[in-house]
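Below is one structure, written out as structure tokens, with a few remarks after it.
This is a predicted model, so every value here is computed, not measured. Keep in mind that the numbers below use all heavy atoms, side chains included, and drop hydrogens, waters and symmetry copies. So that the names make sense, note that chain A is the first sequence line, chain B the second, and so on, each numbered from 1.
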Amino acid sequence: MPELPEVETTRRGIEPHVRGRRIADVRVHDSRLRWPVRLPPLGGREVVAVTRRAKYLLFALTEGTLLLHLGMSGSLKLVPRGTAPAKHDHVDVELDSGSMLRLTDPRRFGSLHYVADAPAQHRLLKRLGPEPLSDEFDGAYLHARSRGRKVAAKSFLMDAHVVVGIGNIYANEALFTAGVRPTRRAHRLSAAQCDRLAGAVKDTLAAAIRHGGTTLRDFVGGDGQPGYFRGELEVYGREGDPCVRCGTRLMGIRTGQRATVYCRKCQR
DNA sequence: CCCAAGACCTGGCGGC
DNA sequence: TGCCGCCAGGTCTTGG
């Protein structure tokens, strides 16, 4: 579930409770995530920073980095040390504050790695495209990268090697905002459409992060699940409903195995 | 390199 | 009420 705005909201929620704290111990209750969790002893190291790259959270330690992906259903919460683990709790990072950071992931699509050296060179991060909210990502970049690409515009936007952090929900939304049909082949996108798409991606994600910030749950003892941006979604999950702009019934199709919703009148 | 499809996993839902 | 099948989602992997 976590799309980029939720990962960023999670980061902001836990960072004040984690940064500057020393790890007392790490307990792996269930190592079965996307890849088996294997961690060296980390007791005594301090969490120096909590940053985000794409949908990964990076916990920089005095030595080494913990690289976490929440997958589809992963979440983090802070609970008192000693709280018994429940069914889908995988890892507890016990801190010297008396709290521990608990990773829960029912569907086990998430991952957790310990990286000894430069995390940016890790195989999972090395080939990722730019951050969508960075200056590097703009219409000119999108246009250049889309030349020669025959995939649907939506699949192209969701390709993390092109630009990171755009999941199914926000891909649908950004395409609607930009007035671009999801099935349009990437190489047929005009420069103007690429400009609108890049702008729409930035606006959509920034608004969702802002929204997450305002509804930030209490990560201490709470369920740790920041709410979706549901109320604001204009096309995702609205197949058959009227387009908010022109009233036409929204189309529901599948592109690249993913649910796609669009307005055939507003999006070309 | 490019692209499509497969794989992974389980809670929740619709249908019977 | 219970059971079954299907869907959702991200991204790595495989095969053409």
Side-chain angles (χ1 to χ4, degrees), chain A residues 1-11 29-38 52-58 67-76 85-91 103-113 115 119 121-132 142 144-175 182-189 201 204-205 208 223-230 233 235-240 252-261:
Chain A
M1 302 253 245
E3 295 233 12
L4 184 141
E6 289 149 291
V7 177
E8 178 60 23
T9 298
T10 297
R11 189 192 71 74
H29 303 296
D30 184 351
S31 63
R32 298 173 306 156
L33 288 180
R34 176 157 194 177
W35 294 283
V37 177
R38 277 193 54 251
R52 179 188 59 75
R53 172 73 174 109
K55 293 174 186 169
Y56 291 90
L57 288 176
L58 291 85
L67 179 62
L68 171 69
H69 196 293
L70 295 173
M72 264 284 303
S73 58
S75 64
L76 288 173
K87 191 173 179 188
H88 299 297
D89 295 338
H90 286 78
V91 180
L103 171 63
T104 306
D105 188 357
R107 294 186 193 176
R108 295 165 33 203
F109 273 25
S111 65
L112 179 63
H113 288 88
V115 186
Q121 296 309 307
H122 190 274
R123 67 182 183 91
L124 294 174
L125 303 184
K126 200 172 180 174
R127 303 212 300 271
L128 294 177
E131 289 289 322
L142 260 190
R145 287 296 304 266
S146 60
R147 297 310 87 182
R149 298 292 305 272
K150 293 183 177 175
V151 286
K154 178 158 177 270
S155 302
F156 180 69
L157 272 185
M158 291 177 67
D159 182 349
H161 300 109
V162 174
V163 55
V164 302
I166 305 177
N168 196 40
I169 296 172
Y170 295 111
N172 278 293
E173 295 301 310
L175 285 157
T183 51
R184 173 171 284 268
R185 305 283 179 148
H187 69 102
R188 302 209 47 217
L189 290 166
V201 164
T204 306
L205 293 178
D223 63 7
Q225 292 272 22
Y228 259 131
F229 196 31
R230 288 284 178 195
L233 299 178
V235 288
Y236 182 81
R238 297 194 60 239
E239 171 183 353
I253 60 170
R254 293 190 78 82
T255 51
Q257 336 259 76
R258 287 286 179 271
T260 301
V261 186

Distance check: side-chain N/O of A:Arg108 vs OP1/OP2 of B:dT10, anything under 4.0 Å?
-> yes

Could you check if a side-chain atom of A:Lys154 sits within less than 4.5 angstrom of a side-chain atom of A:Asn168, using non-hydrogen atoms only?
-> yes

Taking the side chain of A:Arg123 as its heavy atoms from C-beta onward, which of C:dG10, C:dT13, B:dC3 lies nearest to it?
-> C:dT13

Specify the separation, in whole Å, of atom CG of A:Leu157 and atom P of C:dT11.
-> 14 Å

Which sits closer to the 5' end of DNA chain C, A:Gln257 or A:Gly165, going by the nucleotide each is nearest to?
-> A:Gln257

Is any side-chain nitrogen or oxygen of A:Arg107 closer than 4.0 Å to OP1 or OP2 of B:dT10?
-> no

What is the distance from CZ of A:Arg145 to P of B:dC1, rounded to the nearest Å?
-> 11 Å

Determine: side-chain N/O of A:Tyr56 to OP1/OP2 of C:dC12, distance under 4.0 Å, yes or no.
-> yes

Is any side-chain N or O of A:Lys87 closer than 4.0 Å to OP1 or OP2 of B:dT10?
-> no

Between A:Ser155 and A:Arg258, which is nearer to the 5' end of DNA chain B once each is assigned its nearest nucleotide?
-> A:Ser155

For the pair A:His69 and A:Tyr56, name the ring-plane relationship: parallel under 30°, tilted 30 to 60°, perpendicular over 60°.
-> perpendicular

Quick one: is A:His88 getting a side-chain N or O under 4.0 Å of the B:dG11 phosphate, OP1 or OP2?
-> yes

Minimum-distance nucleotide (side-chain atoms of A:Met158 versus B:dC3, C:dG10, C:dT13) | C:dG10

Under 3.5 Å donor-acceptor, A:His113 side chain and A:Val115 backbone = no

Hey, is the side chain of A:His69 poking within less than 4.0 Å of OP1 or OP2 on C:dG10, counting only N and O atoms?
-> no

In whole Å, what is the span from the CG atom of A:Asp105 to the P atom of B:dT10?
-> 10 Å

Phosphate oxygens OP1/OP2 of C:dT11: is one of them under 4.0 Å from a side-chain N or O of A:Lys55?
-> yes

Starting at atom CD of A:Glu239, determine the distance to atom C1' of C:dA8, rounded to an integer number of angstrom.
-> 14 Å

Take A:Leu142 and A:Phe156, measure what side chain to side chain contact (heavy atoms under 4.5 Å, CB included) needs, and give me the verdict at the end.
-> CA-CA 9 Å; A:Leu142 260 190; A:Phe156 180 69; 3.6 Å; yes

For A:Phe109 and C:dT11, do the ring centres fall under 5.5 Å apart while the planes stay under 30° apart?
-> no

Here the distance between atom C1' of C:dC12 and atom NE2 of A:His113, to the nearest Å, is 11 Å

Spacing of A:Trp35 atom CH2 relative to B:dC9 atom C1', expressed in whole Å = 14 Å

Please tell me if the side chains of A:His90 and A:Leu33 come closer than 4.5 Å, counting only heavy atoms from C-beta onward.
-> yes

Rounded to the nearest 0.5 Å, the OG1 atom of A:Thr260 sits from the CZ atom of A:Arg254 at a distance of 8.0 Å

Any side-chain N or O of A:Arg127 less than 4.0 Å from the OP1 or OP2 oxygen of B:dC1?
-> no

B:dT10 P sits how many Å from A:Leu33 CG, rounded?
-> 11 Å

note: A:Arg34, atom CZ; B:dT10, atom C1'; distance rounded to Å ~ 16 Å

Respond yes when some side-chain nitrogen or oxygen of A:Arg254 is under 4.0 Å from OP1 or OP2 of C:dA8, and no when none is.
-> yes

